[in-house]
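Quick note on labels: first sequence line is chain A, next is B, and so on, each numbered from 1. Here the structure is a predicted model, which means the values were calculated and not measured.
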Amino acid sequence: MKVETPRSIAEAEAVQDELRSLLDLTGPGPLRPARVAGVDVAYDGERLAAAVAVLDGVTLELIEQVTVGGRVAFDYVPGLLAFREVPALVEALGRLSTAPDLVVCDGYGLAHPRRFGLACHLGVLTGLPTIGVGKTAFVGSYPDPAPERGSWTDLTLDGDVVGRVLRTRHGVKPVFVSVGHRVDLDTACRNVLALTPRYRLPETTRVSDRLSRTALAKNVVLD
DNA sequence: GCGACAG
DNA sequence: ATCTTGTCGC
């Protein structure tokens with residue numbers, strides 16, 4: 001599957017508004033996924049490497065991986081990150097031998113200016129259940145969650161609860177969880193906690209991050 | 001108008 | 001994202 005790249009910011013925003021109508025916010029989504037995928041993209045100027053790491057949902061061991069090289073086709077603009085990463089990620093996901101039960105994205109889903117962040121975009125294009133886990137604040141306001149692992153607070157935007165600020169490790173900076181496609185917020189957070197037995201970030205994002213950087217360093221084939 | 005702004 | 005050393009703490 002090839003993904004078209006918008007020529008302007010206005011066009012990109014129009015695409016988001018268009019695709020948003022295809023979003024499935026009907027939960028609950030996978031509570032005990034057998035295969036959980038993490039996706040990430042690493043950059044080096046014009047070059048980029050996208051990686052998909054599929055982990056066993058129970059043991060969190062890596063069971064399949066795919067990396068693809070490419071070139072940047074859309075400059076980074078807050079709110080339009082998906083146009084930078086989605087083409088390569090769709091390509092990488094398409095090369096998996098078996099579809100994952102859940103895809104964990106680096107960034108946001110519904111918690112987005114137009115309610116259509118990277119996780120929503122990737123979900124609609126692939127049809128797979130997706131969630132977004134951001135490392136820093138992007139949109140919305142929130143109270144700080146209690147210091148215990150598992151505690152959380154609502155991430156609110158324009159009067160809507162668009163995600164949760166979730167503490168994955170005691171006393172450590174929380175992560176920002178929001179729904180992507182075909183998964184509800186409760187299920188999304190349960191999965192994030194299952195993926196963080198030791199570190200702040202989900203094992204899926206840790207592994208995919210490492211894979212994408214390694215692929216870049218290996219001078220992957222360019223498109 | 002000015003500042004903020006996932007990765 | 002990426003540029004970048006040492007350093008504090010478990």
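Nucleotide dA6(B) holds its C1' atom 12 Å from the CD atom of Gln16(A), rounded to whole Å. The OH-P distance, from Tyr76(A) to dC5(B), rounds to 10 Å in whole Å. Arg114(A) places its CZ atom 14 Å from the P atom of dA6(B), with the value rounded to the nearest Å. Taking atom CZ of residue Arg149(A) and atom P of nucleotide dC10(C), one finds them 20 Å apart after rounding to whole Å.
For the pair Arg206(A) and Tyr199(A), the cation sits on the ring face: its NZ or CZ lies under 6.0 Å from the ring centre, inside 45° of the axis. Tyr43(A) carries Arg84(A) over the face of its six-membered ring, with the cationic atom under 6.0 Å from the centre and within 45° of the normal.
Closest to the side chain of Ala42(A), out of dC5(B), dT2(C), dG7(B), is dT2(C).
Using a 4.0 Å heavy-atom cutoff across all strands shown, Gly132(A) reaches no nucleic acid atom at all. The residue Tyr43(A) sits close only to the backbone: its heavy atoms come under 4.0 Å of sugar-phosphate atoms, none of a base. Residue contacts for Arg213(A): at a heavy-atom cut-off of 4.0 Å it reaches the sugar-phosphate backbone alone, with no base atom in range.
By the criterion of a centre-to-centre distance under 5.5 Å and near-parallel planes under 30°, the ring of Phe138(A) forms a stack with the base of dA6(B).
A distance-only check finds no donor-acceptor pair linking the side chain of Ser212(A) to the backbone of Ala49(A) [under 3.5 Å].
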